[in-house]
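Since the structure is predicted, the reported quantities are computational estimates derived from the model, not experimental observations. What you see below is based on every heavy atom in this structure, not just the backbone, and it leaves out hydrogens, waters and symmetry mates.
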Amino acid sequence: MADFKFEMDIDAVLPRGLSDENIALDMVKAGQQVMQKSIQNAASKHRKTGSMISSVKCSKATLNRNGDAIGRVKFYGKDKNGMQNWYKAIYIEYGTKHQSAQPFVRPAIKSSEGIIRAAMQKVFERDDKSEI
């Protein structure tokens with residue numbers, strides 16, 4: 001699906017270093033929540049049963065082996081007929097030979113990039129003030 005990357009040089013922002021990785025994880029979590037709502041709102045235009053919309057969930061923010069904070073927003077589970085919700089999302093997003101593409105995930109992410117950055121910045125500034 002779509003990919004949103006947010007990079008920040010922590011050493012430039014915090015010359016003293018980031019002693020607590022929780023701020024990075026909290027920032028990712030805040031961004032994930034905004035992205036989740038944006039994708040759910042966009043998916044609502046394709047609502048039939050509501051299972052695809054309610055299946056949009058955030059994974060737990062973690063640190064990868066490079067020490068980068070990461071988190072995902074994905075379609076989980078199946079509908080009442082046993083079809084994977086992420087299959088439905090792909091079919092709608094990219095289309096099939098019987099159905100034209102109706103992108104909704106990529107535009108939702110693209111349109112919410114600024115709000116995601118702002119949510120992450122708000123968490124960062126809140127935590128930075130608490131350290132003073």
If hydrophobic clusters are built from ILVMFWY residues whose side chains come within less than 4.5 Å, do [X] and [Y] share one?
X: Leu63; Y: Val73; value: no
X: Val56; Y: Tyr94; value: yes
X: Ile70; Y: Met35; value: no
X: Val123; Y: Leu25; value: no

For residues [X] and [Y], report the shortest heavy-atom separation together with the two atoms involved.
X: Met52; Y: Ile92; answer: CE-CD1, 3.7 Å
X: Val28; Y: Gly71; answer: CG1-N, 3.6 Å
X: Ala108; Y: Ala42; answer: CB-CB, 3.8 Å

Legend entry - salt bridge (Lys or Arg N to Asp or Glu O under 4.0 Å) contacts in which one or both residues fall within residues 59-75, not counting sequence neighbours: none

Inset, instruction - Just say parallel, tilted or perpendicular for the rings of Phe104 and His46, cut-offs at 30° and 60°. - result: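 Judged by the thresholds at 30° and 60°, the geometry between Phe104 and His46 is tilted.
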
Can you measure from [atom1] ([X]) to [atom2] ([Y]) and round to the nearest 0.5 angstrom?
X: Tyr87; Y: Lys78; atom1: OH; atom2: NZ; result: 9.0 Å
X: Lys45; Y: Ile53; atom1: NZ; atom2: CD1; result: 11.0 Å
X: Gln33; Y: Met120; atom1: CD; atom2: CE; result: 11.5 Å
X: Tyr91; Y: His98; atom1: OH; atom2: NE2; result: 11.0 Å
X: Tyr76; Y: Cys58; atom1: OH; atom2: SG; result: 8.5 Å
X: Gln32; Y: Lys57; atom1: CD; atom2: NZ; result: 13.5 Å

Legend entry - Expected output: side-chain Ser112 to main-chain Ile115 donor-acceptor under 3.5 Å: no

Legend entry - Candidate pair Ile90 and Phe75, rule side chain to side chain contact (heavy atoms under 4.5 Å, CB included), full reasoning: CA-CA 10 Å; Ile90 287 175; Phe75 293 89; over 6 Å; no

Inset, instruction - Can you sort out the partners of Asp79 under salt bridge (charged side-chain N to carboxylate O under 4.0 Å, His left out), two or more places apart, ordered by chain and number? - result: Lys88

